[in-house]
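Remarks on the structure that follows.
The structure displayed is predicted, hence computed values, not measured ones.
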Amino acid sequence: MTDQIRIVEMGPRDGLQNEKTPVSVEARIVFVEALVAAGLNTVEVGAFVSPKAIPQMASSDQVLRGVGHIKDAEFHVLVPNEKGYDAARAAGAKVVSVFAAASEGFSRANINCSIAESIERFKPVLARAKADGVKVRGYISCVLGCPFDGEIKPKAVADLAMTLWDLGCYEISLGDTIGVGTPLKAREMLRAVGAELPVANLAMHFHDTYGQALANLYAGMEEGVRVIDAAAGGLGGCPYAPGATGNVATEDVVYMLEGMGVKTGVDMDRLLATTNEVATLLGRPPVSRVTSALNAKRKRLS
């Protein structure tokens, strides 16, 4: 449990894409710069998707170019197909992400195709990425439950993870998209996936809708998973799951890990300042419990 944990910061992409308030390219670049300055060296900065479908991610090429001067950091971008891959590569992408759902209902609602069809869409992306020397990360949505299909069997997640692995994804991020999972179910799912591919190449992407994300992450750490996706301030949600909150807050994850003696390399003061700045831009307080507590403490002491 004292091993180093790698945090993949999702705020600028998975977070902002589900926020109603649009954020300018300039502000998104400053957001990424501040996250890296706080010690978060792996950041997903945008998505090369249709601006009509997700206007919050418009001009992701400008964001990626705008952070190109930052050294010692790895920037990821989401690409749904070859068109997105072409645009990402033109903007200098070195790591891209593809995505699939563990449930047919969510796949059809989210990207209007079956799971099998979604895989066919990004197969060419993986083939080209391999030829170009570009790393590909794979996301699986709804690993612990779906708003349309209900409970998801661990074997379905494991089978899909193995497909992504066989196609060339270097890491598989397992997403509890609607945040319905609980620790024993998270453990069961991770054991099923871990029986098929190396645990060292798995990541946990847990939303906190029912307040279970930290407990689920702890269960996953007990299973040996050492990569955690999180979003500063708990930004985001899921447009296809009413009431779903954002990814687990980065501050909450850092507070838990550091309290356990697990080094994250994150400067909490800088992260707190970054989250507060973004919250001001969005016009709402952060949902992070740790941020709320630290803000209240500082206000009391000032």
Side-chain angles (χ1 to χ4, degrees), residues 8 10 13-14 44 47-49 76-86 88 93 95-178 181 185-207 216 220 223-229 238 240:
V8 180
M10 294 278 126
R13 197 279 299 175
D14 193 35
E44 190 155 77
F48 287 78
V49 295
H76 299 189
V77 291
L78 193 71
V79 298
N81 48 38
E82 281 193 277
K83 182 179 179 180
Y85 179 77
D86 287 337
V95 184
V96 300
S97 302
V98 297
F99 56 92
S103 75
E104 292 291 350
F106 191 84
S107 185
R108 293 192 180 281
N110 191 25
I111 51 177
N112 197 32
C113 68
S114 69
I115 297 171
E117 288 168 339
S118 72
I119 293 168
E120 290 303 315
R121 283 184 188 178
F122 60 67
K123 268 185 180 178
V125 171
L126 283 144
R128 290 180 56 190
K130 183 177 181 180
D132 294 341
V134 172
K135 294 199 301 181
V136 183
R137 194 175 199 241
Y139 287 110
I140 301 180
S141 303
C142 296
V143 299
L144 292 173
C146 170
F148 306 101
D149 298 349
E151 192 169 329
I152 302 299
K153 295 187 180 301
K155 187 180 185 306
V157 180
D159 289 348
L160 182 54
M162 197 64 202
T163 297
L164 292 174
W165 177 255
D166 287 343
L167 286 172
C169 291
Y170 77 96
E171 188 168 87
I172 312 297
S173 177
L174 302 162
D176 182 11
T177 311
I178 58 173
K185 289 182 179 179
R187 178 176 291 136
E188 182 184 8
M189 179 273 297
L190 288 166
R191 284 181 177 174
V193 179
E196 301 295 331
L197 61 150
V199 174
N201 296 92
L202 301 180
M204 298 179 286
H205 183 113
F206 296 159
H207 287 235
N216 294 342
E223 294 303 310
V225 183
R226 290 293 179 268
V227 184
I228 294 173
D229 294 357
C238 175
Y240 302 102

G181 backbone acceptor or donor facing D176 side chain under 3.5 Å: yes
Closest heavy-atom pair and its distance - N81, G84: OD1-N, 2.9 Å
Starting at CG of L174, measure out to CG of N216 and round the result to the nearest 0.5 Å. 12.5 Å
Answer whether the closest heavy-atom distance between the side chains of W165 and P198 falls below 4.5 Å. yes
If you compare all heavy atoms of G194 against all heavy atoms of V199, which two are closest, and at what distance to 0.1 Å? CA-CG2, 4.0 Å
For a quick test of reading the model, state the closest non-hydrogen atom pair linking V96 to A88 and the distance between them. CG1-CB, 4.4 Å
Nearest-0.5 Å distance that lies between atom OG in S107 and atom CZ in F99: 9.0 Å
With side chains defined as the heavy atoms from C-beta onward, is the minimum distance between R137 and C169 less than 4.5 Å? no
Pair up each side-chain donor or acceptor in residues 143-154 with any protein partner under 3.5 Å, not counting sequence neighbours, and list the distances.
{"residue": "D149", "atom": "OD2", "partner": "E104", "partner atom": "N", "Å": "3.2"}
{"residue": "D149", "atom": "OD2", "partner": "G105", "partner atom": "N", "Å": "2.8"}

Is it true that a side-chain atom of S141 and a backbone atom of A101 form a donor plus acceptor pair closer than 3.5 Å? no
Can you name the closest pair of heavy atoms from V227 and L202 and give their distance? CB-O, 3.7 Å
Within the 4.5 Å heavy-atom criterion, are L160 and I119 side-chain neighbours or not? yes
Could you walk me through whether M204 and L190 pass side-chain contact (heavy atoms from CB on, under 4.5 Å), step by step? CA-CA 9 Å; M204 298 179 286; L190 288 166; 4.0 Å; yes
Taking all non-hydrogen atoms of both residues, which atom of A158 and which atom of E196 are closest, and how far apart? CB-CG, 4.1 Å
Please round to the nearest 0.5 Å and tell me the distance separating atom CZ of R187 and atom CD of E223. 5.5 Å
Between CG of D14 and NE2 of H76, what distance do you get to the nearest 0.5 Å? 13.5 Å
Any carboxylate oxygen within less than 4.0 angstrom of a Lys/Arg side-chain nitrogen, looking at K123 and E120? yes
Can you check whether Y170's main-chain N or O pairs, donor with acceptor, with N201's side chain at less than 3.5 Å? yes
With sequence neighbours excluded, residues passing side chain to side chain donor-acceptor pair (under 3.5 Å) with S173: D229
Mind checking the CG-CD spacing from D86 to E82? Nearest 0.5 Å is all I need. 6.5 Å
Mind checking whether V193 and I172 have side chains closer than 4.5 Å, heavy atoms only? no
Do Y139 and T177 have side-chain heavy atoms sitting under 4.5 Å apart? no
For R121 and P80, which heavy atoms make the closest approach, and how far apart are they? CB-O, 4.4 Å
Between atom CG of L126 and atom CG of L164, what is the distance when rounded to the nearest 0.5 Å? 7.5 Å
